[in-house]
Amino acid sequence: MSTENLSDVTTGTDTSPEGSDSVEYADSRDTTEGRVYTVSGGDWDDVVADAQHDERMVINMGPQHPSTHGVLRLVLEMEGETVTQLRSVIGYLHTGIEKNCEYRTWTQGVTFVTRMDYLAPLSTEMAYCLGVEKLLQIEAPRRAQLLRVMLLEINRIGSHLVYIATGGMELGATTAMTLGFREREEVLHLLEHLTGLRMNHAFIRPGGLAQDMPADYHEKVSEFIKTMKKRLPLYDKLFTGQPIWRNRLKGVGYLPVDACLALGVTGPVLRSAGLPWDLRKTEPYSCYDEFDFDVPVDNGADCWSRYLIRVHEMHESLKIIEQCLEKLEPGPVMVEDKKIAWPAQLSIGSDGMGNSLEHVKKIMGQSMESLIHHFKLVTEGFKVPAGQVYAAVESPRGELGAHLVSDGGTRPLRVHVREPSFVNLQSMPAMAEGGLVADVIAAIASIDPVMGGVDR
């Protein structure tokens with residue numbers, strides 16, 4: 001293979017014929033560990049250089065700004081109150097989650113990916129586990145699949161509530177924040193009861209679920225549905241008919257369907273432009289094709305349409321959760337193959353930590369081979385056949401896909417997540433340029449990005 005057009009990574013210079021005379025693109029210094037390059041804020045320098053006009057100014061909004069929907073930095077070039085140029089600057093919440101997965105077993109990877117989109121952690125777990133199961137050529141038991149759907153829809157409601165709460169507060173509607181987080185507490189209390197954790201659950205595992213639902217799950221979920229059916233109409237009363245709320249969102253952040261498709265935008269933003277693309281309907285997974293629900297669509301292609309769609313989606317999620325309760329039957333929640341099934345059916349000891357004496361006695365009382373197997377499965381993990389797959393789910397923000405590559409070992413060779421927040425954020429300049437700086441806030445809120453997913 002010819003290497004004449006490749007960059008020389010040792011010097012940071014372009015070694016192709018055209019670039020042979022180029023200089024190093026960043027300041028460097030030699031250390032005991034090798035050469036280190038220092039890259040400074042070139043983007044800011046470029047923007048300021050471009051804006052050499054008396055009537056224009058360049059301002060930084062974020063990353064600490066309370067209305068940039070997270071640690072997002074926006075560099076705005078403005079002429080009066082009008083935004084003439086916008087740049088999104090990301091990376092302030094970078095965690096290296098995808099790279100970390102390469103140093104853990106396939107099951108341990110769930111603990112990492114769940115921390116990407118921390119408002120919809122179960123969606124990321126679902127996409128990742130569907131990918132692992134596709135590589136293993138296995139399918140989770142029916143009860144596990146139905147419970148996954150139920151958990152995903154409970155999580156979707158919680159995520160949309162945060163959108164209304166934070167978006168409302170960013171636009172000055174503090175009551176939205178109070179009510180939105182009140183209802184989200186109901187969601188988090190229920191998820192904690194069902195999975196053991198309020199967030200970052202790591203409950204969906206390759207092959208099924210970590211464990212079955214508690215004995216009173218039916219009663220608790222039914223209570224939740226009843227509570228939400230009573231409270232969701234309050235949002236229509238408080239916001240949908242409210243003239244100030246409508247005027248702040250209507251006609252703002254316009255992004256038509258052709259622009260959405262060109263930028264790869266999915267989720268409520270795409271459906272607000274009139275395209276009913278929802279993976280739960282178009283490419284069903286985990287029994288979604290058995291459920292009766294609607295995909296809310298609007299053709300306003302603005303912040304107002306996105307608000308209406310998300311409120312409507314919460315009602316549809318409640319319908320799906322109700323159907324889950326009707327369809328659920330007793331059965332396993334993990335595949336029977338003991339070479340894959342993570343031994344997670346554990347009971348807690350009297351100190352609230354560790355395993356109960358009964359569980360320890362059960363493991364120790366079995367054969368030495370079973371104890372060795374238990375130890376090796378937990379420490380080394382199971383092997384996954386070599387190959388690569390892409391598995392996608394419909395997260396509250398759009399198409400969330402996991403691209404997994406295996407070399408046949410007990411750890412992933414490569415994990416990459418197609419995070420909808422990251423892709424959708426590309427639409428910010430198209431939505432905001434030419435509009436007022438006050439409308440930038442509404443546009444960000446309508447995309448509903450989660451920076452943990454953007455900067456993963």
Side-chain angles (χ1 to χ4, degrees), residues 68-72 88 90-91 93-95 97-98 112-131 152-153 155-164 166-167 204 253 255 257 259-286 288 295-297 301 303 305-307 309-310 313-314 316-317 390-404 415-431 443-456:
T68 52
H69 219 73
V71 278
L72 169 66
S88 301
I90 62 174
L93 201 59
H94 183 55
T95 50
I97 286 172
E98 292 171 334
F112 283 89
V113 298
T114 189
R115 284 163 168 76
M116 290 185 188
D117 184 342
Y118 38 76
L119 293 184
L122 289 159
S123 293
T124 329
E125 294 174 26
M126 184 68 170
Y128 175 83
C129 289
L130 285 177
L152 285 170
E153 295 307 318
N155 206 178
R156 189 182 309 277
I157 293 172
S159 178
H160 285 345
L161 286 168
V162 174
Y163 150 75
I164 293 177
T166 54
I204 298 176
L255 194 73
V257 68
C260 289
L261 295 174
L263 293 167
V265 171
T266 53
V269 182
L270 176 60
R271 294 192 285 277
S272 74
L275 188 65
W277 183 262
D278 187 316
L279 293 178
R280 295 174 296 171
K281 285 282 191 185
T282 54
E283 297 176 12
Y285 52 91
S286 193
Y288 264 113
V295 176
V297 183
C303 296
S305 292
R306 290 162 212 147
Y307 157 75
I309 281 174
R310 288 190 176 101
E313 278 187 6
M314 288 193 281
E316 295 303 314
S317 291
Y390 177 78
V393 302
E394 185 69 31
S395 93
R397 271 154 282 285
E399 180 178 335
L400 195 160
H403 177 212
L404 310 178
V415 174
H416 175 65
V417 175
R418 188 242 185 238
E419 235 291 333
S421 294
F422 176 74
V423 181
N424 293 356
L425 203 57
Q426 292 182 104
S427 63
M428 266 309 298
M431 286 187 186
I444 297 172
S446 75
I447 297 174
D448 190 28
V450 171
M451 301 314 293
V454 174
D455 296 338
R456 70 208 174 282

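As a basis for the values below, the full set of heavy atoms in this structure was taken, side chains included, without hydrogen atoms, waters or symmetry mates.
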With heavy-atom distances below 4.5 Å as the criterion, would you say the side chains of [X] and [Y] are in contact?
| X | Y | value |
| --- | --- | --- |
| M126 | S286 | yes |
| R418 | H403 | no |
| L400 | T124 | yes |
| S427 | C260 | no |
| R397 | S159 | yes |
| L279 | V393 | no |
| L161 | M314 | yes |
| L152 | S123 | yes |

About how many Å separate [atom2] of [Y] and [atom1] of [X], when rounded to the nearest 0.5 Å?
| X | Y | atom1 | atom2 | value |
| --- | --- | --- | --- | --- |
| D278 | E316 | CG | CD | 10.5 Å |
| I157 | R310 | CD1 | CZ | 15.0 Å |
| M451 | R456 | CE | CZ | 11.0 Å |
| C129 | L122 | SG | CG | 10.0 Å |
| L130 | E125 | CG | CD | 11.5 Å |
| L425 | D448 | CG | CG | 11.5 Å |

Which pair of non-hydrogen atoms, one from [X] and one from [Y], has the smallest distance, and what is that distance?
| X | Y | result |
| --- | --- | --- |
| N424 | V265 | OD1-CA, 3.4 Å |
| A445 | G167 | CB-CA, 3.8 Å |
| H69 | P449 | CD2-O, 3.4 Å |
| V269 | I447 | CG2-CA, 4.2 Å |
| E419 | G453 | CG-O, 3.3 Å |
| G253 | M431 | O-CG, 3.7 Å |

Atom OH of Y288: over 12 foreign heavy atoms under 6.0 Å |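 For Y288, atom OH is crowded (more than 12 foreign heavy atoms under 6.0 Å).
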Give a yes-or-no answer on whether the side chains of R271 and S305 include a donor-acceptor pair shorter than 3.5 Å.
->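 Looking only at side-chain atoms, S305 and R271 do not form any donor-acceptor pair under 3.5 Å.
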Does a side chain donor of either E153 or S317 reach within less than 3.5 Å of an acceptor in the other side chain?
->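 There is such a pair between these side chains.
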Knowing that exactly one of D455, V450, I90, V417 qualifies, which makes a side-chain contact (heavy atoms from CB on, under 4.5 Å) with F422?
->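 Among the candidates, only I90 passes.
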Should R280 and E394 be marked as a salt bridge (Lys or Arg N to Asp or Glu O under 4.0 Å) after you check the CA-CA gap, both sets of side-chain angles, and the distance that decides it?
-> CA-CA 6 Å; R280 295 174 296 171; E394 185 69 31; over 6 Å; no
Dump the intermediate steps for side-chain contact (heavy atoms from CB on, under 4.5 Å) on L255 and R306, then the final yes or no.
-> CA-CA 11 Å; L255 194 73; R306 290 162 212 147; 3.8 Å; yes
Not counting sequence neighbours, which residues clear ring-ring contact (aromatic ring centres under 6.0 Å, His included) with Y128? List them please.
->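 Here no residue qualifies.
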Candidate pair E283 and W277, rule side-chain contact (heavy atoms from CB on, under 4.5 Å), full reasoning | CA-CA 9 Å; E283 297 176 12; W277 183 262; 3.9 Å; yes
Audit row: L93, V71, side-chain contact (heavy atoms from CB on, under 4.5 Å) steps and yes/no | CA-CA 7 Å; L93 201 59; V71 278; 3.7 Å; yes
Would you please test V423 and L263 for side-chain contact (heavy atoms from CB on, under 4.5 Å) and show each step?
-> CA-CA 8 Å; V423 181; L263 293 167; over 6 Å; no
